[in-house]
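These notes concern the structure reproduced below.
Letters go in sequence order (proteins before strands), and every chain restarts at 1.
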There are 2 protein chains.
Amino acid sequence: MNLSARQIRAFLFLAEERHFTRAARRCHLTQPAFSALIQSLEELVGVRLFDRSTRRVTLTQEGEHFFLTAPRLLNDMEGLIGEMRQFADKRRGKVSIAALPSLAAGWLPGICATFSAQYPAVRISLRDALLEPCLQMVRDGAADMALAAQGLNMEGLTVDPLCEDRFYFICRHDHPLADHETVTTSDLTKERLIHLGKGSSIRQGLVSDSRIAEMPVSFEVDHLATVCGLVLAGMGVSLVPGMTLFHFRYPLLRAIPLAPGSEIRRQLLLVRREDRGLSAAAQAFHDLVMHERSSLASDGEFAIRVNP
Amino acid sequence: MNLSARQIRAFLFLAEERHFTRAARRCHLTQPAFSALIQSLEELVGVRLFDRSTRRVTLTQEGEHFFLTAPRLLNDMEGLIGEMRQFADKRRGKVSIAALPSLAAGWLPGICATFSAQYPAVRISLRDALLEPCLQMVRDGAADMALAAQGLNMEGLTVDPLCEDRFYFICRHDHPLADHETVTTSDLTKERLIHLGKGSSIRQGLVSDSRIAEMPVSFEVDHLATVCGLVLAGMGVSLVPGMTLFHFRYPLLRAIPLAPGSEIRRQLLLVRREDRGLSAAAQAFHDLVMHERSSLASDGEFAIRVNP
DNA sequence: CACACTTACGATATTCGTAAGGATT
DNA sequence: AATCCTTACGAATATCGTAAGTGTG
């Protein structure tokens with residue numbers, strides 16, 4: 001009891017043409033093969049669907065009844081296949097991405113623009129969140145993948161390294177260290193540090209360095225824009241990843257690399273669930289991210305991408 | 001591009017079971033064969049429908065979308081096949097029969113009752129009509145078959161003989177011939193004949209005999225009941241086929257066979273189009289008529305059948 | 001190591017195309 | 001004679017089941 005699309009297609013061609021040879025041509029079959037196909041359908045449904053008298057082919061009463069629903073049925077089948085192929089061709093679909101705020105504001109929008117230009121019909125859902133929420137969204141399936149850093153528990157997750165993100169020293173132009181080419185961690189022991197909140201991956205990247213951990217903390221805020229404002233107001237200095245420097249492009253501010261030996265880094269990762277494959281659209285996005293990751297070098301010159 | 005019912009069925013089983021081995025059992029397939037079936041479906045639609053990680057089987061996003069319409073599609077396919085098989089099993093369908101008034105009133109109702117008892121769901125359309133209208137209904141497809149007699153033009157029609165219908169002489173009990181065992185055509189030359197109208201097959205059966213054609217015609221009516229009334233009123237005599245004798249079962253009337261050598265017959269036929277097969281229901285009716293035709297002997301004792 | 005899906009492979013069924021058959025105009 | 005559907009039959013293809021392979025808990 002296996003009705004197939006080609007049987008219905010053959011039926012409809014024959015019902016239209018009323019001629020085996022012509023209908024067979026439209027099915028890309030020889031006439032005997034087509035004849036057998038019709039016979040198999042008739043055997044399946046248990047009744048003759050066509051009266052054929054060598055000279056004239058007509059629908060039987062039962063054939064007329066079959067004809068009432070067969071076109072809709074074939075249309076539904078072909079429509080479903082067509083829809084599924086739209087997913088395959090990325091003419092349809094959805095990608096859900098979670099990303100750290102730094103990447104979500106800086107590098108990722110340009111990637112999204114490139115992706116959207118290539119696959120305009122794929123909807124992109126982009127959630128900016130702190131590290132752990134990012135990872136949690138991947139774990140529970142709310143996001144197909146996350147652009148994030150190393151979390152406390154990476155079990156069940158697959159990671160691809162994206163880039164190393166070096167930290168920079170941020171101070172006002174009138175700060176004693178403002179004219180230095182580089183800065184060492186020992187230079188900073190007396191500085192008042194403006195920190196991000198504990199949920200931030202930037203904060204987590206910093207506390208791994210013991211000297212930084214000893215610095216006096218003047219503020220603990222949630223947004224880099226606030227850090228920026230506080231530094232401009234002379235309330236202290238900060239250490240931020242190169243990936244976020246676009247927040248600090250003010251004439252009165254300086255971003256100074258850390259000296260060799262004092263370097264602090266965080267590793268940025270592309271994270272996905274290891275037990276779930278990506279949808280066609282998500283896979284294409286994943287491929288694009290991996291392909292473009294070389295443009296993600298943290299060299300202090302990074303700017304928000306503008307779509308070419 | 002040939003989507004088949006079994007592919008959809010396999011998909012739905014797997015979506016429900018989330019387990020290849022169990023789903024394979026429900027498809028009456030070995031697990032590898034089932035696996036190949038799923039793969040063929042995925043290849044057809046162009047995307048993976050299931051994430052399988054040896055330990056867990058889940059629908060992909062695309063699979064979820066396929067799942068939205070697949071059940072309805074399979075239901076439609078199986079429903080259509082089911083409907084068609086109802087026709088095949090005569091649990092559904094329609095038979096259109098045209099019949100001469102004599103048969104439509106006499107023998108055929110009992111046949112219809114037998115047929116309906118066996119196939120209660122098949123609708124029967126019965127039209128009583130004179131000979132040529134009967135044949136025309138078969139020609140133009142308004143009737144699947146006709147129980148009729150030989151027409152002027154039988155081209156394109158297939159006939160099966162049903163029985164020979166002998167004519168009887170009808171007169172009142174006080175008629176000079178009323179006590180005769182048989183009657184010859186020479187006995188009738190002076191009788192006033194009550195005829196049926198020219199469209200009637202009974203009339204056509206009679207005019208083939210030259211002596212009858214020479215008889216004086218007193219009336220020309222359309223219904224046998226009128227003939228009956230006229231004979232009872234003493235307005236003349238008539239000649240009618242045995243098949244219609246049930247109209248004349250009155251104590252004051254006599255129906256007398258024609259003597260050997262004077263016999264007049266008409267051949268009753270089961271007529272159908274030669275270029276169109278019968279529907280399953282019509283074929284079953286046809287078979288029943290042919291099987292029961294022995295009960296159609298024109299012996300003057302014929303009565304309206306009562307369903308046993 | 002037991003369970004579960006995939007791959008490999010030979011056997012069986014199905015489907016295809018060519019060629020011949022039969023019926024109709 | 002020409003057209004058109006069916007049947008026959010060998011070849012190509014697909015599908016099936018058994019058995020071995022791989023990966024996971």
Would you check if the side chain of B:Ser125 reaches a backbone N or O of B:Val95 as a donor-acceptor pair within less than 3.5 Å? no
Rounded off to whole Å, could you give me the CD-to-P distance for the A:Gln39 and C:dT14 pair? 15 Å
Interatomic distance where CG belongs to A:Asn2 and C1' belongs to C:dT14 [whole Å]: 12 Å
Output the single nucleotide from C:dA4, C:dT6, D:dT6 whose closest atom is nearest the side chain of A:Pro32. D:dT6
How do A:Thr30 and A:Ser53 order along DNA chain C: which one's closest nucleotide is nearer the 5' end? A:Thr30
In this structure, how many angstroms lie between the C1' atom of D:dT6 and the CZ atom of A:Arg48, rounded? 10 Å
From the candidates D:dT18, D:dT6, C:dT15, the one with an atom nearest any side-chain atom of A:Arg6 is C:dT15
Any N or O donor-acceptor pair linking the side chain of B:Arg55 to the base of C:dC3 at under 3.5 Å? yes
The side chain of B:Ser35 is closest to which nucleotide in this list: C:dT6, D:dC5, C:dG17? C:dT6
Would you mind reading off the distance between B:Phe34 atom CZ and D:dA14 atom P, rounded to a whole angstrom? 21 Å
Between C1' on D:dC5 and CG on A:Leu49, what's the gap in Å once rounded to a whole number? 16 Å
Going by distance alone, is a donor N or O of one side chain under 3.5 Å from an acceptor N or O of the other, for A:Arg273 and B:Ser53? no
Once you apply a heavy-atom cut-off of 4.0 Å, does B:Leu37 come out as touching a base, just sugar-phosphate, or nothing? nothing
Send over the distance from B:Arg52 CZ to C:dT7 P, rounded to a whole Å. 9 Å
Main-chain N/O of A:Ala23 paired to A:Glu17 side chain as donor or acceptor, under 3.5 Å: no
Assess, by modelled atom type and distance only, whether the side chains of B:Ser295 and B:Trp107 contain a donor and an acceptor separated by less than 3.5 Å. yes
Any side-chain donor paired with an acceptor under 3.5 Å for A:Thr158 and A:Arg276? no
Rounded to whole angstrom units, what separation is found between the NE2 atom of A:His19 and the C1' atom of C:dT25? 13 Å
Side-chain atoms of A:Thr21 come closest, of D:dT15, D:dC4, C:dA4, to D:dC4
Could you check how far CD of B:Gln31 sits from C1' of D:dT15, rounded to whole Å? 15 Å
Selection from D:dC5, D:dT15, C:dT6 that lies nearest to any side-chain heavy atom of A:Phe20: D:dC5
B:Val57 has its side chain closest, among C:dG17, C:dC5, D:dC5, to C:dC5
